[in-house]
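To start, the structure itself, in structure tokens.
Lettering of chains follows the sequences in order, A, B, ..., and the numbering in each one begins at 1.
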Amino acid sequence: MPIRNLFVLLGVLVLVSSQAAALEVVATSPSMGALVREVAGSRADLTVLAGPNRDLHTLQAKPTMMRALRAADLVVAIGAELEVGWLPVAIAGAANPKILPGTEGYFEAAAQVPLLDAGGAADRAMGDVHPVGNPHVDMDPVRMATVARALAERLAILDPAAAGEYRRGADAFAAQVDARMRGWRAQIAGAPGVVLYHRDAVYLLDRLAIPLLGTIEPIPGVPPTGRHIRALGAELAGRDGVVIFAPYQSPQAPQSLASSLGWQAVALPLAPPQDADGDGYLAHIGRWVDTLAGAAASGR
Amino acid sequence: MRKFLSRSALAGASLVPMAAFAAGDAEIAELKTMLDDMKAQYEQRIQALEKRLADAERDAARRKAQAAESKPMTAPVVHSGPGPADEHGHAHAATDNGFNFREAEIAFSATVDPYFDAALYLAVDGDGNTELEEGYFQTRGLPYGLKLKGGKFLSDFGYINKQHPHQWDFVDQNLPYLNLLGDHGLQDTGVQVTWLPQTPLYTLFGVEVLQGDQEIFGATLGDDEQAELGLDDTDDGPRLWTLFAKMSPDLGEKHALQFGVSYAHNTQHQALFTQEFERAGDEHAHDEDQGHDENHDDDHDHDHDHHEGHDHEHAVLENGLEGDADLWGVDLVYKYDAGGTHGKGNFKFQAEYLRSITDTRIRSANILDEETGEILKIDSSLIGSKREFTTDGLYAQAIYGFAPRWTAGIRYDLLGLTNELGGVESEDFGSSDRWTLGLTWNLSEFSLLRAQYAHSDILVSAHERERFDAFYLQFLMSLGTHGAHSF
């Protein structure tokens, strides 16, 4: 009898959770979550697995992630091996055939757009490299507009009844990106450049034609040495710029380089807040643009 | 050594009577008698001491001789760090002083087709011997949160059982797992079904049916011994099954907590229990000497050439035990993700409790001549009586990232909170414990350097303890694709 009661209880729980929205969507990062909110609105019941202050390279698969993925109709990942350490494990543990890579329920942003830094040697002596290309596509709003359209098409396959709604959402987002890009291009004109900790914002720099002056890490995934920071300082002496690092990256080396150059070292997350929608995402890119542009104003 | 002990016992004997030497003539006769009595008593005690010493020496010699041919694993005997080398194959725990190449593990995993994933893990030891650690398939597409796994795999019993040595936070395995499940843990061939229901909390239920070829939990003897001792053969399986459940509440982004409960049952457990005694008074003294319960995989005759030249004839009582074995496990893992640089501020706590009960009955009780191994007599009064061994153990460990890429760890492991033989005779053997400190430097995601210090207080046999310190330096690296950060 207790076993039968358990099954009844589970059945009720399954019903309750499946009535909440048309689609259960799990996004790996707040950027992807923002895109889902923008495109699908209330038709998606969204879970975002990692907050803006998490390093998606080093995250661990947790049982609660598997729980979220167990019920999912769609997983929206950044892809290009960024989540390779934990998402495949979490998906395998979720026992949900709907979201396996290669199925309609698995969506990767990086698969929808051309990648930078692709085709490098698959050599670990070069650090934690991704030969398929730099995965941080979510830092480029124009690529994200393309991703939004692809996401709308995917949602339309999974939930044909609301296909029009999804496409309108993606179009509206793309229009907003266009509008903001004009302002940002004007704002950023003449920005001297930036030193990043990791090559994680190169898509934004590439889009706005801002020079990357160097990285705090000598090679990806390997912490900086004092010698590397001194060499970087010597190379950039007398120039203007700003050092930007993520909240989970060590502040010491960025701050020491910035102070030796008379620059500012700024901690900026690589993703918007966890509950952000399309506007929240664009506000996040806006903060990056302000910081990059501010380098010119505050420089000597 | 033996002579020295005898002399000190004699010195004690001559001191005691001198202190009492202060009485008149009338009492001299009485005192003389007392003195004679005492002398006689002391002689007996010295003889007893000599005998214990001789026995201990013989036991030690035999243990040494048997280390190569069998695995002396019983309720009271404990494996820890630098244990005896296991000649059957590679042993995760066996290390010598100096340099050790523990193993190179070669892992392949891939999606076979839309229906299956498969994985293969090979361990190559320092001599080039290769052993299949795991080789299994797992379904991809079953509905209702079901998964089926088949092949040779590490059971999902408990928490640390399914981790390979390179995933451990310490150089060596904890005492409860090492002694209750063996070097490879619960690793067996069979099938597993898991079910992840769609509940608000993460809950996973699983059941496994396995062949039951185990080193310790449900150990069986070789064919010849089974025949000699009248035990059942081991031709049929599956003999081992497990049940487990895991639960994980959602505590937000920074916290992860998982509870687990596991149970395993092996329908066949065999053991050889030998006791030595003097043949002089024949069978008066089964329980005077300590028992040695041995699980052998190999055939081995009972012809020991370790007669130390004393006058007593020794005989061996050899009991063949047959029954089943149960194992309970409770585990808890808590992880704190501080979101710092290269693991700074991260914390992990992990604890498990295991309890093993082997419920056996005596199937045979042969009294053998120690020299020739001939059966002199069968003690049928013992046959059918119960021998139940209960041993439990726990470990608790914590790892803290005190700086980017650096972690410090502490572990306490204990075996034998309960460590007893129940049945006709009842005996509690005592416990073993160990404190371990570790320091790990993660050079990158792909290589690490680890230093570890352990202080062990180990019960090596029923009345013998060893206290020792061990220091390890370990270098561990992984080559190829990015490994998985599994929970």
Side-chain angles (χ1 to χ4, degrees), chain A residues 6-7 9-11 13-18 48-51 53-55 57-71 81 84-90 92-98 100-103 122 124 127-128 130 197 221-223 245-252 274, chain B residues 109 111 114-115 117 138-147 194-204 246-258 333 335 337-344 346 348 403-405 443-447 477-487:
Chain A
L6 183 67
F7 276 108
L9 178 67
L10 292 176
L13 293 169
V14 170
L15 278 175
V16 167
S17 59
S18 64
V48 177
L49 296 181
N53 295 336
R54 301 287 127 174
D55 184 354
H57 286 108
T58 61
L59 214 60
Q60 278 210 337
K62 297 199 297 182
T64 46
M65 293 175 177
M66 296 175 194
R67 165 63 196 93
L69 291 166
R70 167 71 178 87
E81 297 183 353
V84 72
W86 55 278
L87 188 60
V89 180
N96 179 358
K98 285 189 291 186
L100 293 175
T103 63
R124 288 264 181 257
D128 189 4
H130 302 273
Y197 194 101
V222 174
F245 60 101
Y248 53 79
Q249 291 160 346
S250 172
Q252 279 106 343
Q274 198 151 354
Chain B
S109 65
T111 297
Y115 315 111
D117 289 324
Q138 189 162 30
T139 56
R140 289 163 60 82
L142 293 188
Y144 310 116
L146 293 169
K147 286 190 105 144
T194 55
W195 178 45
L196 184 67
Q198 221 162 301
T199 49
L201 294 184
Y202 170 90
T203 35
L204 179 77
K246 299 179 198 302
M247 201 271 283
S248 177
D250 192 348
L251 301 177
E253 187 179 48
K254 289 190 165 186
H255 310 273
L257 179 65
Q258 182 182 280
V333 183
K335 291 185 187 180
D337 179 356
T341 312
H342 294 284
K344 188 184 177 191
N346 288 0
K348 179 181 174 190
R405 303 195 293 156
L443 282 91
S444 75
E445 272 227 54
F446 307 97
S447 64
M477 52 174 103
S478 52
L479 290 70
T481 53
H482 199 294
H485 312 158
S486 49
F487 187 77

Among [options], which residue has the highest count of heavy-atom pairs closer than 4.5 Å to chain A?
options	result
B:Thr194, B:Asp250, B:Leu204	B:Asp250
B:Gln138, B:Glu253, B:His342	B:Glu253
B:Ser248, B:Ser444, B:Pro143	B:Ser248
B:Thr111, B:Asp117, B:Leu201, B:Leu146	B:Leu201

Are [X] and [Y] side-chain neighbours, meaning at least one heavy-atom pair lies under 4.5 Å?
X	Y	answer
A:Trp86	A:Leu49	yes
B:Gln198	A:Arg67	yes
A:Phe245	A:Ser250	no
B:Arg405	A:Pro223	yes

Using heavy-atom distances under 4.5 Å, tell me whether [X] contacts chain A through its side chain, its backbone, both, or neither.
X	result
B:Gln258	side chain
B:Pro114	neither
B:Leu257	neither
B:Lys335	side chain
B:Leu479	neither

Worksheet item: What option among A:Asp55, A:Asn53, A:Asn96, A:Leu100 has the most heavy-atom pairs under 4.5 Å with chain B?
Response: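 Option with the top pair count is A:Leu100.
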Chain B contact via [X] - side chain, backbone, both or neither, heavy atoms under 4.5 Å:
X	result
A:Leu59	both
A:Arg70	both
A:Gln60	both
A:Ala246	neither

Discussion item. With side-chain contact (heavy atoms from CB on, under 4.5 Å) as the criterion, how do B:Phe487 and A:Val89 come out once you've worked through the C-alpha distance, each side chain's angles and the decisive distance to 0.1 Å?
Written reply: CA-CA 9 Å; B:Phe487 187 77; A:Val89 180; over 6 Å; no
Worksheet entry | Nearest non-hydrogen partners of B:Ser478 and B:Glu445, listed with the distance | OG-O, 4.3 Å
Fill in: Note: B:Asp337-A:Arg54 ion pair, threshold 4.0 Å (strictly below)
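The answer is yes: the pair qualifies as a salt bridge.
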Discussion item. If I take atom NZ from residue B:Lys147 and atom OG1 from residue B:Thr139, how far apart are they, to the nearest 0.5 angstrom?
Written reply: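 Between atom NZ of B:Lys147 and atom OG1 of B:Thr139 there are 6.0 Å.
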Discussion item. Return the CG to NZ distance between B:Asn346 and B:Lys254, rounded to the nearest 0.5 Å.
Written reply: 10.0 Å
